[in-house]
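As the structure is a computational prediction, the values presented were derived from the model and not from experiment. Keep in mind that the numbers below use all heavy atoms, side chains included, and drop hydrogens, waters and symmetry copies.
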Amino acid sequence: MCEKIKKVNSWLSTVLGDHPVPQFEVNTRTVDLLYQLAQASEARCSDTVLLVEDLKQKTSEYRAEGSHLQDVLLQGVGLSSASLSKPAGDYVSALVDNAMVLGVRDTSLGSFVPALNNLTSDILEAEKSNRRLERELRALRKRLGATLVLRGNLQEDVKKTVHTQAVESAKAEERLLNMDFVTAKAKELSNRRERAEAQLVSRNMDKSITHQALVQLSEEVMTLKQEIIPLKKKLEPYMDLSPSPSLAQVKIEEAKRELAALDSQIEMSVDFK
């Protein structure tokens, strides 16, 4: 624990420099976190130092190689940067810039050709990808157009459905109001019928004049009328015979009495109805 605290304080002092180390709560968790940060920072600083040293070494190597090439050019062909014309210097600068853009090691043809081939392949691949993306974009636009048309149709259907629901809701409310009115009216009529029946019962009404009794009496009248028809047919043969003083008179009187009784019964039934 003490070793970790010393390590943390030393690291904070190094990081903050002239600034004072801020106070912090000394406990196991805080010290462990700061100790881990100190270790990570030192490891990163160490990697950075190694990278810087490597870059310095490469810079020295490149400079030495550049000096060597300049000496070769100067001693071999008598060519130096001061002896080049302005167009030649521009060409050399452009060649160097292209080499840096292509990322080649040198400006030889063996380095430029593979780099240009790779660049051409990348361009062809990019064009191929671009054509594929254009096809996908056209397909997406087509689907988008169909989706927008479908969306418009759905919105129109929704509007129609909402309108239909509003109309049906109004009709349903009207039906409910009518139903309430009919229910109240039926209840009122039922109460009136019950009161009327109670009044009739209190007045000792004759049950023979009720609706059911009248219907039954009407049926009996129709039955009697049907029974008269065969009796009339029985009298028809006697109507053609010459009357005799005794038997005919008796038959006629009997038939008249039967007819009179039936007629009287029918008239009573009809008048009562």
Side-chain angles (χ1 to χ4, degrees), residues 1-140:
M1 184 69 177
C2 295
E3 293 295 331
K4 289 183 178 181
I5 294 174
K6 291 180 180 179
K7 181 71 174 179
V8 167
N9 289 328
S10 175
W11 172 69
L12 290 175
S13 299
T14 303
V15 171
L16 296 176
D18 296 334
H19 298 282
V21 177
Q23 298 294 327
F24 59 90
E25 183 178 356
V26 179
N27 53 42
T28 304
R29 183 172 180 276
T30 304
V31 172
D32 289 339
L33 290 175
L34 292 175
Y35 184 75
Q36 292 176 4
L37 288 175
Q39 287 183 330
S41 178
E42 289 181 352
R44 186 172 181 180
C45 290
S46 177
D47 293 339
T48 304
V49 169
L50 292 176
L51 180 61
V52 170
E53 293 295 332
D54 182 64
L55 291 175
K56 289 181 179 179
Q57 183 178 356
K58 287 183 178 180
T59 301
S60 300
E61 292 176 356
Y62 288 149
R63 287 178 178 175
E65 186 177 359
S67 299
H68 174 68
L69 291 175
Q70 286 181 356
D71 294 339
V72 170
L73 288 174
L74 183 60
Q75 294 176 4
V77 296
L79 185 64
S80 65
S81 59
S83 63
L84 291 175
S85 63
K86 186 177 185 304
D90 294 338
Y91 292 150
V92 171
S93 298
L95 186 64
V96 173
D97 293 337
N98 290 330
M100 294 179 65
V101 170
L102 293 174
V104 295
R105 180 177 180 83
D106 51 38
T107 58
S108 63
L109 189 62
S111 298
F112 271 109
V113 171
L116 290 174
N117 290 334
N118 294 333
L119 183 61
T120 303
S121 300
D122 294 340
I123 291 174
L124 293 176
E125 188 66 26
E127 291 177 351
K128 181 179 178 181
S129 178
N130 188 29
R131 289 193 296 270
R132 178 178 58 81
L133 291 175
E134 287 180 353
R135 290 194 300 269
E136 292 178 356
L137 181 60
R138 286 195 297 270
L140 287 174

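- When side chains are defined from C-beta on, E127 counts as touching R131, because their heavy atoms get closer than 4.5 Å.
- In this structure, E125 CD and I123 CD1 are separated by 12.0 Å, a value rounded to the nearest 0.5 Å.
- The backbone N or O of K56 lies less than 3.5 Å from a partner atom in the side chain of S60, making a donor-acceptor pair.
- At least one donor-acceptor pair under 3.5 Å links the side chain of S121 to the backbone N or O of N117.
- Side chain of D54 to main chain of L50: no donor-acceptor pair is present (N/O by atom type, distance under 3.5 Å, no hydrogens or angles).
- The distance from the CG atom of N130 to the NZ atom of K128 is 13.0 Å, given to the nearest 0.5 Å.
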